[in-house]
Amino acid sequence: MLWHDHLDAAHAISQGIENTGGSLVHAIMHRREPDYSNSKYWWRRVGKPPCFPEIARRVADLLKAKGERDLAAKLVPRGEWDAFALVDACEAAADLPASDEKVGALREIQRIESEVVLEYFLNDKAP
């Protein structure tokens with residue numbers, strides 16, 4: 001549901017799941033609304049789940065291939081995924097046209113994040 005922007009349904013489902021996985025979906029959903037401060041609240045509840053290193057690796061590879069050093073330094077400092085920095089980057093890009101390269105890169109990053117989170121859930125690694 002979240003993948004297709006069914007945000008109300010994603011919110012209702014994630015609100016009823018009181019664990020790291022539910023908080024993770026909740027954080028992503030609020031970022032996509034956009035409700036950036038609420039997203040950060042839920043990211044604080046998420047902590048650092050086991051899927052973060054894989055998100056960091058894939059995003060770093062993407063940004064390296066695109067030559068996006070500044071964005072990589074913000075989102076993957078010291079090789080670690082910073083979900084709060086992605087919230088900030090999305091907020092900073094909110095008024096840019098959809099055709100802007102930065103918006104395209106952020107969409108690709110969110111796609112990677114969604115794929116890794118789904119893999120995390122499917123592999124029964126989510127608490």
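Note that the coordinates shown come from a computational prediction; the quantities given were computed from them, not determined experimentally. Values below: all heavy atoms of this structure, side chains included; hydrogens, waters and symmetry mates excluded.
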Asks: Roughly how far, to the nearest 0.5 Å, is SG of Cys51 from CZ of Phe121?
Replies: 7.5 Å
Asks: The test is side-chain contact (heavy atoms from CB on, under 4.5 Å); show your working for Met29 and Arg32 and say whether it passes.
Replies: CA-CA 5 Å; Met29 185 276 310; Arg32 291 182 65 178; 5.9 Å; no
Asks: Kindly say whether Asp35 contributes a backbone atom to a donor-acceptor pair with the side chain of Ser39 at under 3.5 angstrom?
Replies: no
Asks: Pair up each side-chain donor or acceptor in residues 59-68 with any protein partner under 3.5 Å, not counting sequence neighbours, and list the distances.
Replies:
unit_1 : atom_1 : unit_2 : atom_2 : d
Asp61  : OD2    : Arg57  : NH1    : 3.2
Lys66  : NZ     : Glu108 : OE2    : 3.1

Asks: Counting only heavy atoms not in Arg107, do more than 12 sit closer than 6.0 Å to its CZ atom?
Replies: no
Asks: If you look only at distance, which donor and acceptor atoms sit under 3.5 Å apart when one is on a side chain in residues 83-100 and the other is two or more places apart or in another chain?
Replies:
unit_1 : atom_1 : unit_2 : atom_2 : d
Asp88  : OD1    : Lys40  : NZ     : 2.5
Asp100 : OD1    : Lys102 : N      : 2.8

Asks: Could you report the tightest heavy-atom contact between Ala56 and Gly79, atom names first, then the distance?
Replies: CB-O, 3.5 Å
Asks: Output the distance between atom CD1 (Ile28) and atom CD (Glu33), rounded to the nearest 0.5 Å.
Replies: 13.0 Å
Asks: Going by the rule salt bridge (Lys or Arg N to Asp or Glu O under 4.0 Å), which residues pair with Arg31 if we only count those two or more places apart in sequence or in a different chain?
Replies: Glu113
Asks: How are the rings of His30 and Trp42 set relative to one another: parallel (under 30°), tilted (30 to 60°) or perpendicular (over 60°)?
Replies: parallel
Asks: Please report the interatomic distance CZ(Phe52) to OH(Tyr120), rounded to the nearest 0.5 Å.
Replies: 9.0 Å
Asks: What's the separation between atom OG in Ser114 and atom CD1 in Ile109, rounded to the nearest 0.5 Å?
Replies: 12.0 Å
Asks: Give the intermediate values and the outcome of side-chain contact (heavy atoms from CB on, under 4.5 Å) for residues Lys74 and Asp82.
Replies: CA-CA 8 Å; Lys74 290 176 186 174; Asp82 187 338; over 6 Å; no
Asks: For the residue pair Gly47 and Pro49, what are the closest heavy atoms and their distance?
Replies: O-CD, 3.5 Å
